[in-house]
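By convention here, the first residue in the shown sequence is residue 1. Every number for a ligand or one of its atoms is a count from 1 in the order of the listing.
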Amino acid sequence: MGMKIDLTGLSMGQIISHLGKGDLSSEELVSQLLDVMQEKEPVLDAFTMINTDSALQQARAADKARKDGCKGVLLGVPVAVKDNINVAGQPCGCSSRMLKGYVSPYDATVISRLRSAGAVFVGRTNMDEFAMGGSTENSSVKVTKNPHSRDRVPGGSSGGSAASVAGGSAIVALGSDTGGSIRQPASFCGCVGLKPTYGRVSRYGLVAFASSLDQIGPLTRDVTDSALMLEVMSGQDSLDSTSLNVEVPRFSAELKGNVKGVRIGLPREYFVPGMDKDVDTAIKSAVRKLSDMGAEIVDISLPHTEYAIATYYIIATAEASANLARFDGVRYGFRAPDAEDPMDMYCRTRAAGFGSEVKRRIILGTYVLSSGYYDAYYLTAQKVRTLIRKDFDDAFKRCDAIVTPVTPTTAFKFGERASDPLKMYLGDIFTVTANLAGNCAISVPCGMDSNGLPIGMQLFGPALGEQAILNVAFAFEKARG
Ligand code: GLN
C-alpha cells in the first residue's frame, strides 16, 4: 500500500485489479479522485455535488470490508451518479430548481445493487433538467463543458456523466437514456455509453421522465467496464413491474474479441444527406474495419425511421406531462412563497420551479393527450411505434447487430441549438428508435473529426441482445487500439 498510482486513463477493470492486489486502497483511490474532481470542476462543471466526506467514509468501510474477507466485485470502486437517480441521504435534484433542497430518503434499486457490490458514491452529475435535452444546457445548476473543447456542449442529457468519465474526474458513471441521453453524450465526449434493453435494469428510484422509454445504463472508459457494470446493475426487481424476469449473463466474462461470421446490418435510412462528412467517413471506415475483421456486412432497411422523431416527441412529452404532475409544491423540494390559496401555490410553484424546456414538454404532452387530439397524435404515435418495433424485428432476422452513427454531427457549440428546439430535437434521429423499440444499443468511440472532436459508432442489438453488441464493440475497441 501507499504506492501512488496515476489514475488518468485507467479503466475501472484496471483499478479493480489494483485494489484486489492491495497496491491501492479504496481510501487512497477515492481521496486522489476527489482531488482530481475538485481540480477539474472549474474547467468541466460536471458535478452538481461532490460527496467529499461521505465518499471517504464509504471508502474506509470498503477497505475494512476487504480486510474482513468481503469480495464484492466493485468493492471500493468510486461511481458517479446522474442527478436523477436516488441515493439515500443525498440530494436528488434532476438539475432542476423544482427539486432544490430535496434529499432522497431511499436508494434506487441500481444503487442498492451497486452498493451491495461495494461501490462508493462520490458525486452527482449535472444533466438537462429532468433529462429533457441533448446538450446539458437545460440544467438550472451549471453549464457542463465538453472535455475536448470548452466552447462545445458535452451532449445530454447525461452530459455531466459523460464529461466526467471522458475528462478524468470519474471512472464510471450512471446515466439514463429515454431517447439517447447516454449514447449521445458518450459519443460527444468520447466514452462508451450503453442503453440496456427495456426491462433489463430496474428503474425504481429513477425520477421518471417517460416511463415506457426510460432505462438506466453505464458510461465508462471502455467496453469491458460497460459489461461489468451492466452485470451488477441488471436483474428483476419486484419494485419495478416492467423489469424482466430473465437470467443475467456474465457479460464481462463472456466478451469475445472477434467478429468472425457475425452479421452486421447497415440500415440505409441512417446514412442520409445532411450528415457531417467526418461522421459519415468515420462510420464507413469502422464498418470496413469490422468487415476486414471477418464480419459479414448486410444491407438492411428500417423503413419507418423518418417518423421516429415525431413519434418520440409525442410519446415522450405525453408521458412526461403525466409524470411531472407530481411536482406541485406540496410533496417535493421547491414551493413558491406568497401564494394566496392552494391553486395559486401550484401555479406559482410550477411557473417558477420548471425551466422553459420542461414547460414546453408539459404543454406539448398535455396537448397531444387532450380529448379531440388524442387520436390524431398520441394514438397514431403508438401505432407508428409498433411499426418501428416491427422494423427492428424484421431486421434482426437478417443480422445480429446493426451499425449506425450515434448522431448526425459531433459536439456543437454552446447556444447553437439552444434557441431552436426543433434543431435540437432533430439531433436525436438515430438514437430514439432504440427506445421506441425497447431494444439495446451502445455507443463506442470510433474516430475524431477535423476539429479533434470524438465520433461515436452506435450498435443496436435485439431485445436482451446486450452480449452481441458488447462483443462487437469489444472486438472493435481492441482492433482500434
Ligand atoms: N434528447 C432527448 C430528449 O430531449 C433524449 C433525452 C433522454 O434520453 N433523456 O428528449
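Applying the ring pair (Phe, Tyr, Trp, His ring centres under 6.0 Å) definition to pairs two or more places apart or across chains, those involving residues 154-213 are Tyr106-Tyr204, Phe188-Phe412.
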Give every pair made of an N or O atom of ligand 1 and a protein N or O atom lying under 3.5 Å apart, one pair per line with both atom names and the distance to 0.1 Å, or write 'none'.
{"from": "ligand 1", "atom 1": "1 (N)", "to": "Gly133", "atom 2": "O", "distance (Å)": "3.0"}
{"from": "ligand 1", "atom 1": "1 (N)", "to": "Asp428", "atom 2": "OD1", "distance (Å)": "3.3"}
{"from": "ligand 1", "atom 1": "1 (N)", "to": "Asp428", "atom 2": "OD2", "distance (Å)": "3.0"}
{"from": "ligand 1", "atom 1": "4 (O)", "to": "Gly133", "atom 2": "N", "distance (Å)": "2.9"}
{"from": "ligand 1", "atom 1": "4 (O)", "to": "Tyr313", "atom 2": "OH", "distance (Å)": "3.3"}
{"from": "ligand 1", "atom 1": "4 (O)", "to": "Arg361", "atom 2": "NH1", "distance (Å)": "3.4"}
{"from": "ligand 1", "atom 1": "4 (O)", "to": "Arg361", "atom 2": "NH2", "distance (Å)": "2.7"}
{"from": "ligand 1", "atom 1": "8 (O)", "to": "Thr178", "atom 2": "N", "distance (Å)": "2.7"}
{"from": "ligand 1", "atom 1": "8 (O)", "to": "Gly179", "atom 2": "N", "distance (Å)": "2.7"}
{"from": "ligand 1", "atom 1": "8 (O)", "to": "Gly180", "atom 2": "N", "distance (Å)": "3.3"}
{"from": "ligand 1", "atom 1": "8 (O)", "to": "Ser181", "atom 2": "N", "distance (Å)": "3.0"}
{"from": "ligand 1", "atom 1": "8 (O)", "to": "Ser181", "atom 2": "OG", "distance (Å)": "2.7"}
{"from": "ligand 1", "atom 1": "9 (N)", "to": "Ala131", "atom 2": "O", "distance (Å)": "2.8"}
{"from": "ligand 1", "atom 1": "9 (N)", "to": "Ser181", "atom 2": "OG", "distance (Å)": "2.7"}
{"from": "ligand 1", "atom 1": "10 (O)", "to": "Tyr312", "atom 2": "OH", "distance (Å)": "2.6"}
{"from": "ligand 1", "atom 1": "10 (O)", "to": "Arg361", "atom 2": "NH1", "distance (Å)": "2.8"}

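The pair Arg360-Glu357 meets the salt-bridge criterion, with a side-chain N (NZ, NE, NH1 or NH2) lying under 4.0 Å from an Asp/Glu carboxylate O. For the pair Asp393 and Arg389, the salt-bridge criterion is not met [side-chain N within less than 4.0 Å of a carboxylate O].
Phe130 has its ring centre less than 6.0 Å from the ring centre of Phe327. Taking the six-membered ring for Trp and the full ring otherwise, Phe334 and Tyr102 have centroids separated by 6.0 Å or more.
Classification of the Phe396-Phe392 ring pair by plane angle, with boundaries at 30° and 60°, yields parallel.
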